[in-house]
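Written out below as structure tokens is the structure these notes cover.
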2 protein chains.
Amino acid sequence: MPTKTYHIGVEATMEIIGGKWKSIILCHLRHQTMRTGELARAIPQISQKMLTQQLRELEAANIVSRHVYQQVPPRVDYSLTDYGQSLSGILHELCVWGEDNIDRRQSNGEAITLLSRDDV
Amino acid sequence: MPTKTYHIGVEATMEIIGGKWKSIILCHLRHQTMRTGELARAIPQISQKMLTQQLRELEAANIVSRHVYQQVPPRVDYSLTDYGQSLSGILHELCVWGEDNIDRRQSNGEAITLLSRDDV
DNA sequence: ACTGATAGTTACCTTTTGGTGGGTAGGGCA
DNA sequence: TGCCCTACCCACCAAAAGGTAACTATCAGT
């Protein structure tokens, strides 16, 4: 089996939280356990396919855990694992830096809106 | 002009440091100003095209600045702007978390190598 | 018997991202 | 004259990521 080689730590981190959706999902799960539908409503731009696909990958990386309740209609929820919690600080900073960046660009005349803040 | 809309701060951050290369480049520039060729040697997997393309985008976002010396052969170097420095803490944490993640996976039996650490 | 609710899968397609291999400039130097 | 050096650009192609729409299962309620 070929050994996977990284040159710098950030490569490994980005493999886990990179992509268009993972960091957004994680930012939401940072505050609370959420059902599939809640996540979908919190991230209205995401498609069903992407949501479950990304959740599966985060689960495989042991960042989120998936709880299935034996009910009909189905009930499934997701939360950060203990290990996933270790990303919480980073996720928060990523949110805050982005909010500042948006403010900056707005005051620079760019047409930009931020719909909700993550202020603690 | 259509207004660009973000739903959460992290979206904006990821637009800037996301993708396969940007965070790696920034992690290197965090410690020192570097010439094009130095960067290319520090990130051996990157192609010329990607290196300059990503640097242009980081420059456009006001994260890195590009200094051209009037010489032949050409000499160009890149460094973080003051604003770019505001990412330094995040970049460091991304590196450290990734290093820990790799350690974790190694002790879990995965065949993984990390070639160089960013320890401060 | 039919509908609604929830979570999920699949096939198919488009868009974005990344890689390759070639070429440019222009002064220094053998 | 001709080649080296550095940074960088371009045309073209391949691969990965993401989007759309249609489909599944199951039980409750009407």
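These numbers come from a predicted model, not from an experiment. Per chain, numbering begins at 1; letters A, B, ... match sequence-line order.
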Legend entry - First of Arg75(A) and Ser47(B) reached from the 5' end of DNA chain C, by closest nucleotide: Arg75(A)
Legend entry - Rounded interatomic separation in angstrom, taking CE from Met14(A) and P from dA17(D): 15 Å
Legend entry - Gln54(A) vs Pro74(A), nearer the 5' end of DNA chain D by closest nucleotide: Gln54(A)
Inset, instruction - Return yes if a side-chain donor-acceptor contact under 3.5 Å exists between Asn108(A) and Arg104(A), otherwise no. - result: no
Inset, instruction - Measure the shortest side-chain to side-chain distance between Ile63(B) and Ile17(B) over non-hydrogen atoms and say whether it is less than 4.5 angstrom. - result: no
Inset, instruction - Determine: side-chain N/O of Arg35(B) to OP1/OP2 of dT6(D), distance under 4.0 Å, yes or no. - result: no
Legend entry - Which atom of Leu80(B) lies closest to which atom of Arg30(B), heavy atoms considered: CD1-CA, 3.9 Å
Legend entry - Minimum-distance nucleotide (side-chain atoms of Trp21(A) versus dA5(C), dG19(D), dG8(C)): dG19(D)
Legend entry - Separation of dC9(D) P from Arg66(B) CZ (nearest whole Å): 7 Å
Inset, instruction - Would you mind reading off the distance between Tyr69(B) atom OH and dC8(D) atom P, rounded to a whole angstrom? - result: 13 Å
Inset, instruction - Give a yes or no answer on whether the side chain of Gln54(B) reaches the backbone of Leu51(B) with a donor-acceptor pair at less than 3.5 Å. - result: no
Inset, instruction - Take Asp77(A) and Lys49(A), find for each the nucleotide of DNA chain C with the closest heavy atom, and name the residue whose nucleotide sits nearer the 5' end. - result: Asp77(A)
Legend entry - Interatomic distance where CE belongs to Met34(A) and P belongs to dA7(C) [whole Å]: 11 Å
Inset, instruction - Just call it for Gln48(A): base, sugar-phosphate, or nothing, with non-hydrogen atoms closer than 4.0 Å on any strand. - result: base
Inset, instruction - Report which part of the nucleic acid Thr36(B) touches: base, sugar-phosphate, or nothing (heavy-atom distance under 4.0 Å, all strands). - result: sugar-phosphate
Inset, instruction - Using a heavy-atom cut-off of under 4.0 Å over every strand shown, decide if Tyr78(B) touches base, sugar-phosphate, or nothing. - result: sugar-phosphate
Legend entry - N or O in side chain of Lys20(A) less than 4.0 angstrom from dG19(D) OP1/OP2: yes
Legend entry - Leu51(A) CG to dT10(C) P, straight-line distance once rounded to whole Å: 16 Å
Inset, instruction - Starting at atom CZ of Arg56(A), determine the distance to atom C1' of dG18(D), rounded to an integer number of angstrom. - result: 17 Å
Legend entry - Reference residue Tyr78(B); test side chain to side chain donor-acceptor pair (under 3.5 Å); the match among Glu38(B), His67(B), Arg66(B): Arg66(B)
Inset, instruction - Measure from CE on Met50(A) to P on dG19(D) and round the result to the nearest Å. - result: 6 Å
Legend entry - Length of the line joining Ile46(A):CD1 and dA21(D):P, which is rounded to integer Å: 17 Å
